Amino acid sequence: MIKVRFAPSPTGYLHIGGARTALFNYLFAKRQGGKFVLRIEDTDKERSTKESEQEILDSLKWLGLDWDEGPGKSADDSMYYQTKRLAVYHKHAEKLIAEGKAYKCFCTKEELDAERKKAEAEKRAFKYDSRCSLLTPEQVKAKEEAGMPYTVRLKVPKDGEVIVEDMIRGDVKTANSVLDDMIILRADGMPIYNFVVVVDDADMGITHVIRGEDHLSNTPKQIHMYKALGYQVPKFAHIPLILGRDKSKLSKRHGETAVLNYRKMGYLKEAMVNYLAFLGWSPESGKDIMAMEELIAEFDLARVHKAGAMFDDQKLQWMNGMYIRKKSTDELTDMCVPHLIAAGYITEAEAVSRREYLKKVTAVQQEKLKLINEIAGLSSYFFTEEAPLTDDAKKVWEKNAEERVKTLEVLLKIIEETGTDDKAKVEERVRLDMEAAGIKSKVYMHVIRVAVSGCTQGPGLFDVIELVGKERCIKRIKSLLAGN
RNA sequence: GUCCCCAUGGUCAAGAGGUUAAGACACCGCCCUUUCACGGCGGUAUCGGGAGUUCGAUUCUCCCUGGGGACGCCA
């Protein structure tokens, strides 16, 4: 049984890169009929928070990346929180010490920091010299009895090499001589990532470790860990990093990286998933718009790229527009309403009482939207009494100085007589009467649009007239005529 | 600095020794159209450099260059 996991540390929100890693794990698991596990790596007690954890869970749920095992999936969650498994790690550490595969190190943080600094100044790589592994049992005992704090380090071979067999990168060889004896237990007894990740992955029966390329250089150490513990080494797949505009690892300084904020900005989860899947992977079919089900059906680690991929929100926006167009009017209205409320155009109560009207507005704007939150800006004149002319609209108004008064007079008469509810009828009369008045369509269409909406662009003109309504149309036309 | 990874248009990318080097986004035209958007058609633009291997390299090897990542008692 294939089993993969996503193992975030709850020290912040779920960012784009993490979401993409989770997605690849999810797609691989589903494609292979395996299981997707969520594990919370909270051994950094300084920075871990419950709020971060909740945000990560919410983010994954929003994207539809539900886990088969993990928090909330069984009566006993303790397996999926590392701080709840401390006893397990200690037992493993003790066993390693007893077997002579690990040892207690009494070097202090200060000593090591000083050495690291010195090495840096001398422009050479710092590597712990394993001196505490040379301590005799008596010396260790004496130091312990003296109450000296210690960390526990894993003994790593000094010669030979480790090979990471990576499903994406092939065999990656590392000389053991560049590795040092890594700390597995801190002085306060808390275990270190490189240790717990191995213990947990082994205990959970993780078969494939799919993670960002930034972990590739940790992998040789982890392989030594697996071997020391007597575990089978899983398969690894290191996926390329997501890059910012300057080609460095995507981070806050490149802009918004919190997944949940993309929802706030008006992105659809379908677009997010689709776009993220295409960062570092492409389907053999060559399709570009793919729903989750299709992604699962086609996902293949062998087709994952090696090079990092730049995050480009232009394409994401295009995709978002495509998915917005696929939404039903009801669903889209649900998504637009909060933005209209936030803009102050409607109240919570009106969101319900004026539902039909809101659906009509949404329907006529559907094909224009790239982001949900654009709904307010594009629809302002449907919710305000006045519709002052934009700069572009003023130009149109001025450009048609000859015909504008006549146009509006004809329009006013039509609306006063037929109202605005029957848009087909309004359109028919506008065409007939304008022609009779000798005004060309290029002219009256633009003038009318500017008059009733204040804008030069928007939905179909007769849709706009219908939704603005008789009363406001007349008011806006008269006000323009008066100002002229 | 040391180790590791990577290298096709502006971006995402297809490509597996012989191709007119796909496609998508973006951009520019044209068409459709009352505007915008959608859609359609067309266009601009890519194999980092140098050695090999080969009849033939974008594709294989090496070097260089460039970019990135990792070097914590963070994860």
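Please read all numbers here as calculations on a predicted model, not as lab measurements. Quick note on labels: first sequence line is chain A, next is B, and so on, each numbered from 1.
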What are the atom names and distances for every N/O pair under 3.5 Å that joins the protein to nucleotides 41-48 of chain B?
none

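- Contacts of A:K127 with the nucleic acid, taken as non-hydrogen atoms under 4.0 Å apart, are absent.
- The residues A:R431 and A:E427 are annotated as salt-bridged, a charged nitrogen and a carboxylate oxygen being separated by less than 4.0 angstrom.
- A:G280 comes within contact range of the sugar-phosphate backbone alone, with a heavy-atom separation under 4.0 Å but no base atom that close.
- Comparing B:C27 with B:G67, their C1' atoms are spaced 26 Å from each other, to the whole Å.
- Partners of A:Y128 by side chain to side chain donor-acceptor pair (under 3.5 Å), not counting sequence neighbours: none found.
- Classification of the A:F299-A:W281 ring pair by plane angle, with boundaries at 30° and 60°, yields tilted.
- Here A:T43 reaches the OP1 or OP2 of B:A75: one of its side-chain N or O atoms lies under 4.0 Å away.
- Between A:T219 and A:H238, the side chains place a donor N or O and an acceptor N or O closer than 3.5 Å (distance only, hydrogens not considered).
- Applying the side-chain hydrogen bond (donor to acceptor under 3.5 Å, both in side chains) test to pairs two or more places apart or on separate chains, those with a residue in residues 39-48 of chain A are A:R39-A:E41, A:R39-A:D201, A:E41-A:Q82, A:D42-A:T83, A:D44-A:R47.
- In terms of polar N and O atoms assigned as donor or acceptor, the side chain of A:K109 never comes within less than 3.5 Å of the base of B:C73 in a complementary pairing.
- In this structure, A:F311 has its ring center closer than 6.0 angstrom to the ring center of A:Y275.
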Distances under 3.5 Å between protein N/O atoms and the N/O atoms of nucleotides 3-5 of chain B, please, pair by pair.
| unit_1 | atom_1 | unit_2 | atom_2 | d |
| --- | --- | --- | --- | --- |
| B:C5 | O2' | A:R169 | NH1 | 2.7 |
| B:C5 | O2' | A:E213 | OE2 | 2.8 |

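- Between the side chains of A:H208 and A:N25, no donor N or O sits under 3.5 Å from an acceptor N or O.
- At a threshold of 4.0 angstrom between heavy atoms, the contacts of A:E367 include nucleobase atoms, whether or not backbone atoms are also involved.
- A:G458 comes within 4.0 angstrom of a nucleotide base, judged by non-hydrogen atoms across all strands.
- The stretch residues 424-448 of chain A participates, sequence neighbours left out, in no ring-ring contact (aromatic ring centres under 6.0 Å, His included) pair at all.
- For RNA chain B, the residues of residues 309-320 of chain A within the heavy-atom distance limit of 4.0 Å (strictly under) are A:A309, A:M310, A:D312, A:Q314, A:K315, A:W318, sorted by number.
- Atom-to-atom, CG of A:N400 to P of B:U35 comes out at 14 Å; the value is rounded to the nearest Å.
- Remark: C1' of B:C73 and CZ of A:F106 are 15 Å apart, rounded to the nearest angstrom.
- Checked by atom type, the side-chain pair A:T174/A:E161 shows no donor-acceptor distance below 3.5 Å.
- With both ends at atom P, the span from B:U44 to B:A22 equals 12 Å, rounded to whole Å.
- Between B:U54 and B:U61, the distance separating the two P atoms is 16 Å to the nearest Å.
- Atom pair A:Q457:CD and B:U34:P shows a separation of 16 Å (rounding to whole Å applied).
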Assess the residue pair A:D181 and A:S130 against the criterion (side chain to side chain donor-acceptor pair (under 3.5 Å)); give the C-alpha distance rounded to whole Å, side-chain angles, the decisive distance to 0.1 Å, and a yes or no.
CA-CA 7 Å; A:D181 292 345; A:S130 308; 2.7 Å; yes
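- For B:C36, there is no paired base (Watson-Crick or G-U wobble, both distances below 3.5 Å).
- With sequence neighbours left out, A:N176 forms a side chain to side chain donor-acceptor pair (under 3.5 Å) with A:H224.
- No side-chain N or O of A:D392 forms a donor-acceptor pair with one of A:T390 less than 3.5 Å apart.
- Aromatic rings from A:H215 and A:Y193 are positioned such that their centres are separated by under 6.0 Å.
- Across residues 237-248 of chain A, A:L241, A:K247, A:S248 each have a non-hydrogen atom less than 4.0 Å from an atom of RNA chain B (numbered order).
- Looking at heavy-atom distances under 4.0 Å, A:I192 makes contact with sugar-phosphate atoms alone, never a base.
- Listed by residue number, the members of residues 431-448 of chain A with any heavy atom below 4.0 angstrom from RNA chain B are A:K442, A:M445, A:H446.
- Near-neighbour residues of RNA chain B inside residues 146-156 of chain A, defined by a heavy atom below 4.0 Å, number-ordered: A:T151.
- For the pair A:I168 CD1 and B:A7 P, the interatomic distance rounds to 13 Å; values are reported in whole Å.
- For A:N218, whose side chain is taken as the heavy atoms from C-beta onward, the closest listed nucleotide among B:A75, B:G72, B:A13 is B:A75.
- To the nearest angstrom, P of B:C71 lies 9 Å from CG of A:D214.
- The separation of B:U2 from B:G43, taken at their C1' atoms, amounts to 49 Å, rounded to a whole angstrom.
- Not one side-chain nitrogen or oxygen of A:K221 sits closer than 4.0 Å to the OP1 or OP2 atom of B:C71.
- The C1' atoms of B:C31 and B:G23 are separated by 23 Å, rounded to the nearest whole Å.
- Spacing of C1' atoms, B:A21 relative to B:C47, comes out at 8 Å, to the nearest Å.
- Between A:E115 atom CD and B:G72 atom P the separation is 12 Å, expressed in whole Å.
- Of all nucleotides present, none satisfies the Watson-Crick or G-U wobble test against B:U53 with each distance under 3.5 Å.
- Where stacking is scored as ring centres under 5.5 Å apart with planes under 30°, A:H215 registers as stacked on the base of B:A75.
- Following rounding to the nearest Å, A:D200 (CG) and B:A75 (C1') show an atom-to-atom distance of 13 Å.
- For A:R85, the side chain to side chain donor-acceptor pair (under 3.5 Å) partners at least two apart in sequence or on another chain are A:Y89, A:D200, A:D203.
- For A:E294, the salt bridge (charged side-chain N to carboxylate O under 4.0 Å, His left out) test picks out A:K287, with sequence neighbours left out.
- Shown here is A:K158, whose NZ atom has more than 12 heavy atoms of other residues, nucleotides or ligands within 6.0 Å.
- In terms of phosphate contacts, A:R303 brings a side-chain nitrogen or oxygen within less than 4.0 Å of OP1 or OP2 of B:G15.
- Using Watson-Crick or G-U wobble geometry with both donor-acceptor distances under 3.5 Å, B:U20 finds no partner in any strand shown.
- Taking atom C1' on both B:G39 and B:C32, the two are 8 Å apart, rounded to the nearest angstrom.
- Distances shown here put every side-chain N or O of A:R211 at or beyond 4.0 Å from the OP1 or OP2 atom of B:G69.
- Proximity of A:R116 to the phosphate of B:G72: a side-chain N or O atom is located under 4.0 Å from OP1 or OP2.
- Nucleic acid contact for A:Y193: base, since at least one base atom lies under 4.0 Å from a heavy atom of the residue.
- As a whole-Å value, the separation of A:I289 CD1 from B:G23 P is 17 Å.
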